[in-house]
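Heads up: the structure comes next, in structure tokens.
Note that the numbering runs from 1 along the sequence shown for the chain. When reading the values below, keep in mind they use all heavy atoms of this one structure, side chains included, and skip hydrogens, waters and symmetry mates.
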Amino acid sequence: SPETSKIYFSAADYFKTFYCYSDVYSLDVRTHEIKRYTRGDRLFYPVKATNSRDKVYCVKRENSKSYLAILDLKTRKSEIISRGFDSMAYIAISPDNRCIAASLKRKGHNWAIALFTPDGRLEKVLTEGHGKCYYPTWKNAEELFFINQYEKNYCLASMNLKTDFYFVYAHPDIPAVRFFSIQP
């Protein structure tokens, strides 16, 4: 969060049988103060809402399902805003705040990139049928980059939301890409 110089993160506090219990924290990079916002809520992948001072979008695990949720930093309460999916990860808010991209796993399907409205409604699954896709990152309000499993390798891929143009940056000299960042 550039305006406050805070980094929001989730950290696993403990494991119970097969379940990881993760909570949301912030780190103020100026003062090095760490603040814990939840206890035992099973919240992952927090992303500060750019149009709100007190809201963080995250993934909540509950009853073997994943949900898009909003954590209110003032009340420290989380609210589920989407229906449940087999799994969800790596959420990213579009620069114009009009949608949220996430890696989504639905029953019988591979990991795909999906778009949600800010109120949690699944708008569109973008990459189903294109192999395993994860880690969506916005280049701008119309173009998403992500990792795509392509011909036994993991490559950088992009999709233009206006034209639905899908491109995989497959090159024999590039090893498997796992994570990346886009410089502003």
Side-chain angles (χ1 to χ4, degrees), residues 1-16 19-106 111-126 133-141 144-147 161 179-184:
S1 176
E3 72 281 351
T4 61
S5 296
K6 285 188 180 176
I7 297 170
Y8 293 89
F9 63 95
S10 60
D13 293 320
Y14 63 96
F15 293 89
K16 185 176 180 184
Y19 296 109
C20 173
Y21 287 82
S22 180
D23 287 300
V24 173
Y25 297 78
S26 69
L27 166 67
D28 188 316
V29 294
R30 285 185 238 147
T31 65
H32 303 277
E33 176 189 9
I34 293 178
K35 190 180 248 183
R36 183 178 187 163
Y37 293 98
T38 61
R39 289 204 182 273
D41 274 356
R42 298 189 70 202
L43 299 174
F44 302 86
Y45 308 103
V47 177
K48 180 81 168 60
T50 53
N51 56 355
S52 171
R53 293 180 52 133
D54 303 318
K55 306 285 186 209
V56 172
Y57 285 95
C58 49
V59 173
K60 182 173 179 109
R61 288 289 296 169
E62 190 173 90
N63 300 324
S64 300
K65 293 286 183 189
S66 289
Y67 303 86
L68 187 59
I70 295 178
L71 171 64
D72 184 312
L73 298 176
K74 281 188 177 180
T75 65
R76 298 179 182 214
K77 300 285 184 205
S78 63
E79 175 189 358
I80 291 173
I81 60 171
S82 75
R83 65 184 176 94
F85 298 96
D86 284 358
S87 199
M88 186 185 303
Y90 306 115
I91 59 177
I93 301 169
S94 66
D96 61 2
N97 298 306
R98 291 180 50 210
C99 54
I100 299 165
S103 298
L104 184 67
K105 176 78 171 95
R106 299 189 302 170
W111 279 94
I113 305 300
L115 292 182
F116 290 85
T117 61
D119 62 352
R121 183 177 49 84
L122 176 62
E123 195 170 277
K124 187 176 184 181
V125 179
L126 298 174
C133 296
Y134 67 95
Y135 197 62
T137 303
W138 293 94
K139 178 181 177 189
N140 54 48
L144 262 174
F145 278 75
F146 47 92
I147 303 298
L161 301 181
F179 296 98
F180 65 95
S181 67
I182 295 176
Q183 297 300 313

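- Smallest separation of non-hydrogen atoms from P136 and S103: CD-OG, 3.5 Å.
- With contacts defined as side-chain heavy-atom distances shorter than 4.5 Å, the pair L73/Y8 qualifies.
- Looking only at atom types and distance, the side chain of S78 has a donor-acceptor partner in the side chain of K60 under 3.5 Å away.
- Considering only heavy atoms from C-beta on, D23 comes within 4.5 Å of D41 through its side chain.
- Counting heavy atoms from C-beta on, the side chains of K124 and C99 never come closer than 4.5 Å.
- For F116, the ring-ring contact (aromatic ring centres under 6.0 Å, His included) test picks out F85, with sequence neighbours left out.
- No side-chain heavy atom of I100 sits less than 4.5 Å from a side-chain heavy atom of V47.
- The two residues R61 and D86 have their closest heavy-atom pair at NH1-O, 2.9 Å.
- Of the candidates Y45, F146, Y57, Y45 is the only one forming a ring-ring contact (aromatic ring centres under 6.0 Å, His included) with Y90.
- Of all heavy-atom pairs spanning K48 and I93, the tightest one is O-CD1, 3.5 Å.
- Ring geometry, F179 versus Y134: the interplanar angle exceeds 60°, so the pair is classed perpendicular (tilted spans 30 to 60°).
- Within the 4.5 Å cutoff, no side-chain heavy atoms of L43 are placed close to those of V56.
- Taking 4.5 Å as the limit, some side-chain heavy atom of V125 sits within range of a side-chain heavy atom of R106.
- Put simply, the side chain of V29 does not reach to within 4.5 Å of the side chain of K6, judged on heavy atoms.
- Inter-residue side-chain proximity for I147 and F180 is flagged as met; some heavy-atom pair is nearer than 4.5 Å.
- Other residues, nucleotides and ligands contribute over 12 non-hydrogen atoms within 6.0 Å of the CZ atom of R76.
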